[in-house]
Amino acid sequence: MTRENHDTQTGDNKVHTGIEGLDSILRGGLPKSRLYVVEGNPGAGKTTLALQFLLEGIRAGENVLYVSLSETAEELFEVAQSHGWSLEGINLLELDSLADRLLDETENTIYHPSDVELGETTRRIREEVERIQPSRVALDSVSELKILSQTGARYRREILGFKQFFAGKRCTVLVLDDRTSAENEQQLQSIAHGVIRMQRETRDYGTTRRQLQIVKMRAVPFRDGLHDFVIRSGGIEVFPRIEINGHNHTALQDATVMSGVAELDTLLGSGLDRASSTLILGPAGCGKTTLSSQFMIAALERDERVLCYLFEESRETFLQRARGLGIHFEPHLDSGRLELIQIDPAEVSPGEFACHIWKGVEQGKAGMVIIDSLNGYLNAMPNERFLLIQMHELLAYLGQKGVVTILVMAQHGLMGTGMHAPIDVSFLADTVILLRYFEAMGEIRQALSVVKKRRGSHERTIREMRLGSGGVLVGEPLREFEGVLTGVPRYSGSQKPLLRT
């Protein structure tokens, strides 16, 4: 297939990069016949990105060329082998040994060795492009050209010459820059049509976090900001930040979602609102996960799809606890209506986590999302302000899609007024359910109340909650107790309102 035929078939003026998430950030791909810089520190993933770009060209029936100024063919084959790729079809021009060969030749000339090396390098590249007629070229890396050029003016002139030459040949070119020297970086950026920056950050614990940013892209309305990505066997996977399109499902905002427990739904003012977010807040072991499980099983029995992300405990522990309360999720796991995903915050970046939710909603049409818990999610974030920003984007997106979102957060402490949350996210949620331990009649009991609901009214009483083989039980309002939320209430009546064992 010729390049012209491929252009006609795609029907646009862009080429796919071979990385779905990157194409999404670029609104379809890279404009054709332009020169782009891919910059990043050593180990950021530049070579892997360039190889994926060329392999995508081969799949599209194009001629492609990889010009290696720094890596040997053996090293490139090792990179490809680690991803299970074959480099068959990629034309490779290896110039890493050119300097050694030219050093002997220049001993008998009056020219400086770097002058001869630079001229020979550019000549070889141009000749190979003329011979192969590629539509995609990767130049790895430009740092060698910086060294050979010696001066900033000459380096700029060489890059401009390459840009004009490749444009005349209608090549889409990726120039890799390892940023080992700060000098001339801005020159390269100003000449290029676009700049993609790849960076890696070593976290205090867990895997390295990698992020990608479009620094510059002329005439392309790309998605700005930092986007997480990972390098796995099979190549680079980019996770674009979630976009909020401004369209709200107003028709769904009046719909309600029931829990299956009449007293709990009454406390909530006829259940949870569709397209809303709910925060379940309380100390460890008070029943937060079980309460969210009650909403999950009710949704599954309505044939809705549910996504549940576990940060704190394993799938087996979650399912075993549910079975002890008479809640059986196994049939729904088998049917595919329930996805129970265990997340390791040391291995999964926030962007990857958000992208997983996005795919579950867009492709799987999930109607309910559970995040248990935000404490684990917080551990995946570099600091608190990023958690709030990303959580706001995620909740806004889920609300637009009509999804019911339930967030679980554990407070520090067990009883009394000294309890506090590691971070305040209550203002982000539409509904806040507060769970508490309290002492009464020589027993430790549990109470729940709804302290906030943005849409509509809710009952302002405090009710007792008990967990048993029948699931979640909610009692009458504790009107004869005062100070329940402090953990040590004052009793002023009979025991009648309390749930029996």
Any salt bridge between Arg170 and Glu62, counting N to O under 4.0 Å?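 No salt bridge links Arg170 with Glu62.
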Any Lys/Arg nitrogen of Glu304 or Arg337 sitting under 4.0 Å from an Asp/Glu carboxylate oxygen of the other?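 So Glu304 does not pair with Arg337 through a salt bridge.
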Do Phe239 and Phe229 have ring centres separated by under 6.0 Å?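 That pair fails the under 6.0 Å test.
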Test Leu291 against Val408 for side-chain contact (heavy atoms from CB on, under 4.5 Å), laying out the working first. CA-CA 10 Å; Leu291 191 59; Val408 174; over 6 Å; no
Side chain to side chain donor-acceptor pair (under 3.5 Å) partner of Glu127, the single match among Arg123, Arg131, Arg124: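 Testing Glu127 for a side chain to side chain donor-acceptor pair (under 3.5 Å) against Arg123, Arg131, Arg124 leaves exactly one candidate, Arg123.
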If we check side chain to side chain contact (heavy atoms under 4.5 Å, CB included) with His356, which of these qualifies: Ile341, Ile343, Leu307?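 Answer after filtering Ile341, Ile343, Leu307: Ile341.
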When you look at Ser293 and Thr290, which way does the side-chain hydrogen bond (donor to acceptor under 3.5 Å, both in side chains) test go after all the steps? CA-CA 5 Å; Ser293 297; Thr290 302; 5.6 Å; no
Do you see a donor-acceptor pair shorter than 3.5 Å between the side chains of [X] and [Y]?
X      : Y      : value
Gln342 : Glu313 : no
His227 : Arg241 : no
Thr317 : Ser314 : yes

Could you walk me through whether Asp228 and Gln211 satisfy the side-chain hydrogen bond (donor to acceptor under 3.5 Å, both in side chains) test, starting with their C-alpha distance in whole Å, then the side-chain angles of each, then the deciding distance to 0.1 Å, before giving a yes or no? CA-CA 4 Å; Asp228 287 341; Gln211 292 183 302; 3.2 Å; yes
Expected list for residues 43-56: side-chain donor-acceptor pairs under 3.5 angstrom, two or more places apart:
unit_1 : atom_1 : unit_2 : atom_2 : d
Lys46  : NZ     : Gly40  : O      : 3.1
Lys46  : NZ     : Asn41  : O      : 3.3
Thr47  : OG1    : Glu71  : OE2    : 2.9
Thr47  : OG1    : Asp140 : OD2    : 3.3
Gln52  : OE1    : Ile236 : N      : 2.6
Glu56  : OE1    : Arg59  : NE     : 3.2
Glu56  : OE1    : Arg59  : NH2    : 2.9

Can you see whether Phe162 has Arg126 sitting over its ring - NZ or CZ less than 6.0 Å from the centre and within 45° of the normal?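 Cation-pi check for Arg126 and Phe162: passes.
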For Glu330, does the CD atom have more than 12 heavy-atom neighbours from other residues, nucleotides or ligands under 6.0 Å away?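 Enclosed.
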Does a sphere of radius 6.0 Å around CD in Gln320 hold more than 12 heavy atoms from other residues, nucleotides or ligands, not counting ones at 6.0 Å or beyond?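 No, not enclosed.
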Measure up the Phe353 and Phe311 rings against each other and bin them: parallel (under 30°), tilted (30 to 60°), perpendicular (over 60°).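 Plane angle over 60°, so perpendicular.
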